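Okay, so here's the structure we're looking at.
All values reported here derive from a predicted model rather than from experimental measurement.
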Amino acid sequence: MPDPATLFASARNGDQFALARLLSLVERGGDMSRQVAGLAYKSPGGAYSIGLTGPPGAGKSTLTDHLIAAGRQRGLDGPGQVAVLAVDPSSPFSGGAILGDRVRMQGHTLDNGVFIRSMATRGHLGGLAVAVPDAVRVLSAVGIPVVLVETVGVGQQEVEVAAATDTTVVVVNPGWGDAIQANKAGLLEIADLFVINKADRPNAAQTRRDLELMLDLTEPGDWRPPIVETIASTGEGVDSLWEAIGRHRDHQLTGDRLAAARRRRLLREFHQIVAARVEEQIGVLTASDHFAGITESMLAGDLDPYEAADRLLAGVLPDGRGPVADA
Ligand SMILES: Nc1nc2c(ncn2[C@@H]2O[C@H](COP(=O)(O)OP(=O)(O)OP(=O)(O)O)[C@@H](O)[C@H]2O)c(=O)[nH]1
Ligand SMILES: [Mg+2]
């Protein structure tokens, strides 16, 4: 297997197999993953990332398919390559396709300027919250200008992954409760843009009112998420969606907003990496004889749980009392 630097060089020259290998390494975690992440970090590229999230079946993949076309034909700064990461946290498999997604995006399989990849994690320290940003950086480093990230908006982790993009699009459907569900799942806070997809169905207007109402109730910032209606199955409204994404990007590019948002996300990633490392150490510690001994003393009543923790962590953390005692 060629080393990561060689893979990067090939991927920059348009070798999709090399790019796929780089992403497999990122996904797998471990030393090679770190090398890949390090190389990508040091040659950032200029990709703009767009996250699509929402309830299962909302039409994210169908929309993504149209956004691929928009990215290819118009791009954000003119036509260019497009990459898609279809994140599947529930899947223990990697590299493997989410079959439905692949089928829906099939219109682009013969286009060399489109790179589509499903992603799960296999033991990546910090999980998808770290692996996906790493993957986006790899795609950026090889010169891809537009990266789409699709993830189902259920569960904290998925929502986090979707939010870790430059523009986050939340997709809902017409009908009672979808907007309210989105609110509950924490999707409202992360939305830079709402899409009411399946606008061919009844009650789109009601869903718009629900969303507007919820937006009215949230703290007004300097950007109020616009609401775009689409019918992904026919492509209706997709142009407006692409324009709305462009407007949000323009907004972000004004002043320091985009850079500041990226710095905030990077700090969160850093935090997650540190937390994962510490967690790993805890795993090692609690498997030790030392731990068993201390546990016994605690269960016998000779040590209270705090003393036991101090004893265990002495020599591991600079101040054994610090982080754990405060936790
Ligand atoms: N009527 C109607 N059906 C649509 C529309 N957009 C998508 N669909 C259909 O809805 C179903 C789900 O679409 P997907 O694009 O797979 O949805 P998804 O959000 O990616 O689904 P998951 O990835 O499984 O969460 C498919 O059968 C689509 O053909 C639309 O605008 N109107
Ligand atoms: Mg999908």
Side-chain angles (χ1 to χ4, degrees), residues 8 11-12 22-23 26 33-34 36-53 67 70-71 74-85 87 115 119 124 126-151 157-170 186-194 215 218-226 241-276:
F8 263 106
R12 282 201 186 92
L22 285 170
L23 293 177
V26 163
S33 168
R34 276 186 63 166
V36 173
L39 287 167
Y41 187 78
K42 286 184 179 132
S43 56
Y48 193 82
S49 57
I50 301 162
L52 277 105
T53 190
L67 295 182
R74 284 184 274 162
L76 291 165
D77 297 311
Q81 288 173 278
V82 177
V84 178
L85 291 175
V87 179
F115 181 85
M119 216 175 146
H124 197 295
L128 283 168
V130 170
V132 173
D134 272 345
V136 172
R137 275 196 288 272
V138 168
L139 294 163
S140 185
V142 305
I144 297 175
V146 173
V147 177
L148 304 168
V149 179
E150 179 192 335
T151 172
Q157 186 182 218
E158 293 80 341
V159 171
E160 236 171 75
V161 167
T165 48
D166 296 321
T167 295
T168 304
V169 179
V170 169
L187 293 177
L188 226 57
E189 288 117 80
I190 64 162
D192 298 311
L193 215 91
F194 287 100
L215 287 173
T218 55
E219 196 80 18
D222 56 7
W223 172 263
R224 183 176 168 109
L241 172 56
W242 191 250
E243 274 157 32
I245 290 169
R247 274 199 302 281
H248 180 251
R249 176 171 175 262
D250 290 343
H251 173 80
Q252 290 298 87
L253 287 172
T254 315
D256 189 40
R257 287 192 187 101
L258 184 63
R262 287 179 173 178
R263 276 198 299 274
R264 275 196 302 277
R265 297 198 318 251
L266 198 55
L267 283 175
R268 207 156 47 219
E269 261 180 76
F270 174 48
H271 190 104
Q272 265 148 347
I273 291 166
V274 172

The reported gap from CG in L85 to OG1 in T165 (rounded to nearest 0.5 angstrom) is 11.0 Å
Under the side chain to side chain donor-acceptor pair (under 3.5 Å) test, which residues partner D256, sequence neighbours left out? R263
Shortest non-hydrogen contact from D222 toward H251: O-CE1, 3.3 Å
Do Y48 and L253 have side chains that get closer than 4.5 Å, going by heavy atoms? no
Approximate separation, where rounding is to 0.5 Å, of R34 CZ and D134 CG: 11.0 Å
Just wondering, do L266 and R262 contact through their side chains at under 4.5 Å, heavy atoms? no
Backbone N/O of A37 and side chain of R137: donor-acceptor pair under 3.5 Å: no
Nearest 0.5 Å, please: how far is CD1 in I50 from CG in L241? 8.5 Å
Mind checking what makes side-chain contact (heavy atoms from CB on, under 4.5 Å) contact with A141, not counting sequence neighbours? F8, R12, A40, S43
Could you tell me which residues satisfy side-chain contact (heavy atoms from CB on, under 4.5 Å) with A129, sequence neighbours excluded, listed by chain and number? E160, Q272
Between atom CD of Q81 and atom CG of L139, what is the distance when rounded to the nearest 0.5 Å? 10.0 Å
With a 4.5 Å cut-off on side-chain heavy atoms, are P225 and L215 touching? yes
Before you tell me yes or no, could you show the steps for V142 and F115 under side chain to side chain contact (heavy atoms under 4.5 Å, CB included), namely the whole-Å CA-CA distance, both residues' side-chain angles and the distance that decides it to 0.1 Å? CA-CA 12 Å; V142 305; F115 181 85; over 6 Å; no
Nearest atoms (heavy-atom pairs only) where E269 meets P133: OE2-CB, 3.3 Å
Output all residues satisfying side chain to side chain donor-acceptor pair (under 3.5 Å) with T53, sequence neighbours left out; order by chain, then residue number. none
Examine distances only and state if a side-chain atom of W242 and a backbone atom of G75 form a donor-acceptor pair shorter than 3.5 Å. yes
How would you list, by chain and number, every residue that makes a side chain to side chain donor-acceptor pair (under 3.5 Å) with R268, sequence neighbours excluded? none
Apply side chain to side chain donor-acceptor pair (under 3.5 Å) to Q252 and list each qualifying residue two or more places apart in sequence or on a separate chain. none
Looking at every non-hydrogen atom in both residues, tell me the closest pair between G45 and S140 and how far apart they are. C-OG, 3.3 Å
Would a distance-only check, ignoring hydrogens and angles, find a side-chain to backbone donor-acceptor pair under 3.5 Å from W223 to D192? yes
Output yes when a side-chain donor or acceptor of R249 lies under 3.5 Å from a complementary backbone atom of T167, and no otherwise. no
Is it the case that the side chain of T168 and the backbone of A162 share a donor-acceptor pair, with hydrogens and angles ignored and the cut-off at 3.5 Å? yes
Which heavy-atom pair separates D166 from A47 by the least distance, and what is that distance? OD2-O, 4.0 Å
Among T151, V149, L67, whose side chain to side chain contact (heavy atoms under 4.5 Å, CB included) with L52 holds? L67
Is there a side-chain contact between V170 and L188 in this structure, where contact means two heavy atoms from C-beta onward sitting under 4.5 Å apart? no
